[in-house]
Number of protein chains: 12
Amino acid sequence: MKILILNGPNLNLVGTREPQIYGKQTFEAYFEELKTRSPHELSYFQSNIEGELIDQIQQANVDGIILNAGGYTHTSVALRDCIAAVETPVIEVHISNIAGREEFRHTSLISPVCAGCVFGFGMKGYEVALGGF
Amino acid sequence: MKILILNGPNLNLVGTREPQIYGKQTFEAYFEELKTRSPHELSYFQSNIEGELIDQIQQANVDGIILNAGGYTHTSVALRDCIAAVETPVIEVHISNIAGREEFRHTSLISPVCAGCVFGFGMKGYEVALGGF
Amino acid sequence: MKILILNGPNLNLVGTREPQIYGKQTFEAYFEELKTRSPHELSYFQSNIEGELIDQIQQANVDGIILNAGGYTHTSVALRDCIAAVETPVIEVHISNIAGREEFRHTSLISPVCAGCVFGFGMKGYEVALGGF
Amino acid sequence: MKILILNGPNLNLVGTREPQIYGKQTFEAYFEELKTRSPHELSYFQSNIEGELIDQIQQANVDGIILNAGGYTHTSVALRDCIAAVETPVIEVHISNIAGREEFRHTSLISPVCAGCVFGFGMKGYEVALGGF
Amino acid sequence: MKILILNGPNLNLVGTREPQIYGKQTFEAYFEELKTRSPHELSYFQSNIEGELIDQIQQANVDGIILNAGGYTHTSVALRDCIAAVETPVIEVHISNIAGREEFRHTSLISPVCAGCVFGFGMKGYEVALGGF
Amino acid sequence: MKILILNGPNLNLVGTREPQIYGKQTFEAYFEELKTRSPHELSYFQSNIEGELIDQIQQANVDGIILNAGGYTHTSVALRDCIAAVETPVIEVHISNIAGREEFRHTSLISPVCAGCVFGFGMKGYEVALGGF
Amino acid sequence: MKILILNGPNLNLVGTREPQIYGKQTFEAYFEELKTRSPHELSYFQSNIEGELIDQIQQANVDGIILNAGGYTHTSVALRDCIAAVETPVIEVHISNIAGREEFRHTSLISPVCAGCVFGFGMKGYEVALGGF
Amino acid sequence: MKILILNGPNLNLVGTREPQIYGKQTFEAYFEELKTRSPHELSYFQSNIEGELIDQIQQANVDGIILNAGGYTHTSVALRDCIAAVETPVIEVHISNIAGREEFRHTSLISPVCAGCVFGFGMKGYEVALGGF
Amino acid sequence: MKILILNGPNLNLVGTREPQIYGKQTFEAYFEELKTRSPHELSYFQSNIEGELIDQIQQANVDGIILNAGGYTHTSVALRDCIAAVETPVIEVHISNIAGREEFRHTSLISPVCAGCVFGFGMKGYEVALGGF
Amino acid sequence: MKILILNGPNLNLVGTREPQIYGKQTFEAYFEELKTRSPHELSYFQSNIEGELIDQIQQANVDGIILNAGGYTHTSVALRDCIAAVETPVIEVHISNIAGREEFRHTSLISPVCAGCVFGFGMKGYEVALGGF
Amino acid sequence: MKILILNGPNLNLVGTREPQIYGKQTFEAYFEELKTRSPHELSYFQSNIEGELIDQIQQANVDGIILNAGGYTHTSVALRDCIAAVETPVIEVHISNIAGREEFRHTSLISPVCAGCVFGFGMKGYEVALGGF
Amino acid sequence: MKILILNGPNLNLVGTREPQIYGKQTFEAYFEELKTRSPHELSYFQSNIEGELIDQIQQANVDGIILNAGGYTHTSVALRDCIAAVETPVIEVHISNIAGREEFRHTSLISPVCAGCVFGFGMKGYEVALGGF
């Protein structure tokens, strides 16, 4: 299977900022490791722009998407509509456990239209999600 | 009059996805038909990016705008501020009847600053809205 | 097509009270004009009594109804049930843009069961709505 | 005992509209059947007008009332005040199970002042309610 | 001045039901007394039907109205719109202190458009309200 | 038909505590009477433990269940799921009119999945409910 | 009867600030006029301090109090408890119609424990309130 | 590692009821399969009783727990306290995507204290969760 | 230890008003009794003025404070900030059980910053609270 | 007097888990100490099962109960009903100050029906509560 | 210009309590420094009593006021009314960033009537605010 | 110090639209003036696109940022996460007083993670904010 890992806003900072939370490994380095362990063919894209994430989901020519929508998780009806409209299954991932953080992070607008959700396993969550395909 | 039809996120998928809801006609094909029936000069733009919709409204050199803001309808204070700031009248259109869908779609942030609202007539709504100029 | 225009409470005052909002034309005078421009055969009824509006919708022998339910828009479950029960398509019209007024006017109980909604075009809204049939 | 069955808005449509929900029997026909099975003397009244239902309750010369207030159930403080003011016991009936329908139907303003409530048994609910006298 | 006292639903029961709350005097008897003490010319109307109250306010040829809207106080946007539309000043009266009763009675939809409010003085409130003209 | 009457927490106290509310008759005594009057074959079970009520509903070999879930009515998603999962029709009964009591008793989590609801007839409600089978 | 008029915070500014709302007459001047027209013996006290208003109500040796609690109306549980504890009847007055102002002014914590309420008659409201004793 | 799979109320019905949702395989059969594929040593327990689930978590002598708390997910503070108090990491699993179901299922009281969450993968979710250890 | 008992608004009325609730003993008399039974050295202060209670807490030269803040309990952020700022431990006391009274009394702004809370034991609560030092 | 101390879910873990919060003393050890200091005859019971706590309260043959309901405090209507139904006075205890913890712990369903409440004194709270009998 | 710095409840404790938050400098010492740096003539007043702050604002003979209302910020409608009534411009200051603290501190009742707001700069905020005149 | 002034959506219209609110000076002209008065080295960037603002904050090589996020202030969790993740201090500015405008503008998602907030001083607010570095 071909799987796209799609990261939203600020996830490009992983490994360079707030190492006490996210560790010192950049996502790119983690992604290289993940590729060696994965039975699937993986690609990766990151953007801080909501509409570019929508563009990617619409145009992706893959069998599945693992999406960490970052802050857009809680505010983007447009992203939700996009996931609902395409046929590619999307699995939602969050590094932290959003239910244990601020009130405004408790609701994910995109969860109801995702094929599955994986929250709170840290960076390992992307690999756990791969197990869902 | 010169009228701009401005479509927001995911409306580029009309005609290719979810035909049971939106039919099999693409928006571009519908737009060609509409031009032949309209007494006004029509132009068309679509973007998945919130800020690009704002750019279009600020820069449009037209007599009126028909806006279907898609998912940004319910979340974009920035789009609302833009419509309130320009003098071009904006008519809000939605293909479906948003009042009959999920709770988070019941509130439109942009309705209060639009010159008129047309909801729930399907694709025909764009033509009904043209009647408002 | 035969179309009934049905006006709810206080709309009989249009043209005689609050001219700065509704203009100086009575609805009856506007209706005479509208008939001359309409491709459809139009009839008209007004009542201040919620149940009489329900009676009209149940008994109307027409192809479509344009309903401005006035203040009952926001409070009448009975009117909603009536529209849902009959097969005649009902288009909801409001002269002003209800989303831009007081909080208690933001929710329309009847929108979800109407065939389409036209808000905020002033008196012209009835004519815009006719375009929806 | 003399019992009045009082039906509110749109219940006159039972048997002629939405047969998949309410069946094909009119309420009048059901009422004739019910009279033959009932140990009590039954009378029947229907109105779409809130105030006429209040008039009936105030003036009814009976030992008990079975009231299906339809859409006024959820919006009528006036009906509630009326039931609270008279001494005749009133039993509230709904054909469908209002707790399983839209949010705005979950609250009955009249339940707290009724002698008993019977919900969700379909047309049979009127007969179940008779068992409560 | 000519003043209309307008009573809404169930206020026709005063003096015959719940005497521990409203006393044993009918409103008609109280009204006769009030006329003898009042410096103004008084008339009186009561209806259980929301739309008839609206009709009365629209058509009243008086200098002021004292309105006890009963249960419609808390639910009628139509009544509010009517009071806002006419020029006759309306004073709102309630026999009991609505702020001290059930939660759903705490909000009066008509207070914001009335010239003044008099709550909680019992039957005497109508006379107190007369002092406001 | 074989009918199980299933009582939840504290209903074993009926007849021994708060006689001004529930009378002086124990539920066991009432049940004996009910059996003599019922056209159906009745059995009875009571437990204060939420999970034991679930066990009973899952394992009951009957044609119908009359359930008074007591305090679990308002808090038990598990009980709701159980009723939704089994095919045996369940009729919900409450001795008092829960809509007229404290705010937290107004919502029943199990009503939407029950075949019918009977509230507020006192002990007689079990017999009224039998009329629903 | 001996009546105390008790004014809360900022009411000492009446007549000197915001004359378009409150007019140009000071409360002291109005009070002198009122004394000449009143059948009752009037006294007057004003304070900006919540606790001093409480002290006055506790210690007042009068037959009735007319209280305009100003901004404390909406926030003071202490004032409410005080009014509830003393036997002197208290009539609540507001110069403006609080129901038509900001949301946080819609709830009066003291209304439920007052003998009557008079809102929205301007300065004349104090005289209207005197009619309630 | 030794892993306990702990299932809450009604999950014993999987495979025998609602096959269109849960399939025709019983959980026991699925569990046997899972054991053959798992690198970990697995044990299994199910109960409909909230307190017995708490007992199990307190007493489990394992390296990790996979918990599907069923309906107690949304109502049990006691279960949450238990998970927070023990040191054994607990991974929360739900077969369906709870965010896409009824409102009252959107909040999980136990998510904030779990080591990770896996929602919406159907029965496969238990295996996905094993990937998190 | 030196302990200050600090009473807020209206608690000076205990023993003279509402004897059915508070008994006929004044707080001063109760305080004299309490001093004879207490192992601690007690002092006492009462004020109806919020800011004076704050002054007392800031300036008190004692080992502990027992505070009954009366109506300020539910509205005073200033009092809360004061208790949080000083090092003297404060125990909150209420004579009645505030959780069983009106909705607006259910939240205590000061509980979260107090060393302990004692509610609902009547006058005896002050003595129960002494047991907490 | 004979007093039962009744502990709810997870309180059996005191002394063995989270010693930084609860200390290193088990409840059993504390209970032995408490018995030596108490003027009353004490007994003790703990259960994680909601219904067993209800059974205990119904069957207890004592003069008073000290109840720490743990997580059931915030969710159990059934426990509340039980306390309301029995005549034995129940004093509610919590080791921590629940008002200073998570939002969902701020409301206690059982407080309104308890004879008194003691919150936030740590383990000492049980002894403070004994002072209330 | 003449500027009054007005501090509300508990701000007299700055420098003596909670030094980790507010530092070790008293406000008086800071004020002396500020005077030497300010181009304006400064005066200073502090009170714990809400009504005394109102008195000061009403009577201040200055060109501008810098107000830190402390805990009254969130609860005082009276203070808001006072600021709205006087013509002296008032700038609101808070030492900490109130938006990042407890929920009940997020709303400032006085912000809407202030000429400007300066939050979260620590003690330096008073100087930043001076830049606003 | 090097300071970046970062303006969000629609702030490019300042000086050309709505001059009665924002004056006739463009932001660019104001910025030129500000540079001449500022002790710091200033740069400036504006974008209507949420993600581009995030890009700027992530990549800015400055000592401080003054951010007016316009309409994204109230809706952007992504912007908030960005400010929290970088070490550059960010001061939030709004030209108008957002607390005095529509309800949906009262909450700023970014305030809690900003170093300071300056609201309501008009264009001068940028200069006031510079005083905060």
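Numbers restart at 1 for each chain; the letters A, B, ... are given by sequence-line order, proteins then strands.
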* At a heavy-atom separation under 4.5 Å, does K:I91 approach chain L through its side chain, its backbone, both, or neither? -> side chain
* Structure fact -> Per-residue tally against chain L (heavy atom, under 4.5 Å) across K:C114, K:A129, K:G132 peaks at K:G132
* If you count heavy-atom pairs under 4.5 Å with chain K, which of L:C117, L:G120, L:G131 comes out on top? -> L:C117
* Under 4.5 Å between any side-chain heavy atoms of L:V118 and K:F121, yes or no? -> yes
* Pick whichever of L:G122, L:S108, L:A99 has the most heavy-atom pairs under 4.5 Å with chain K. => L:A99
* To do: State whether the side chain of K:N97 and the backbone N or O of L:G116 hold a donor-acceptor pair below 3.5 Å, judged by distance alone.
  => no
* To do: Heavy atoms only: give me the nearest L:P112-K:G100 pair and the separation to one decimal.
  => CB-CA, 3.8 Å
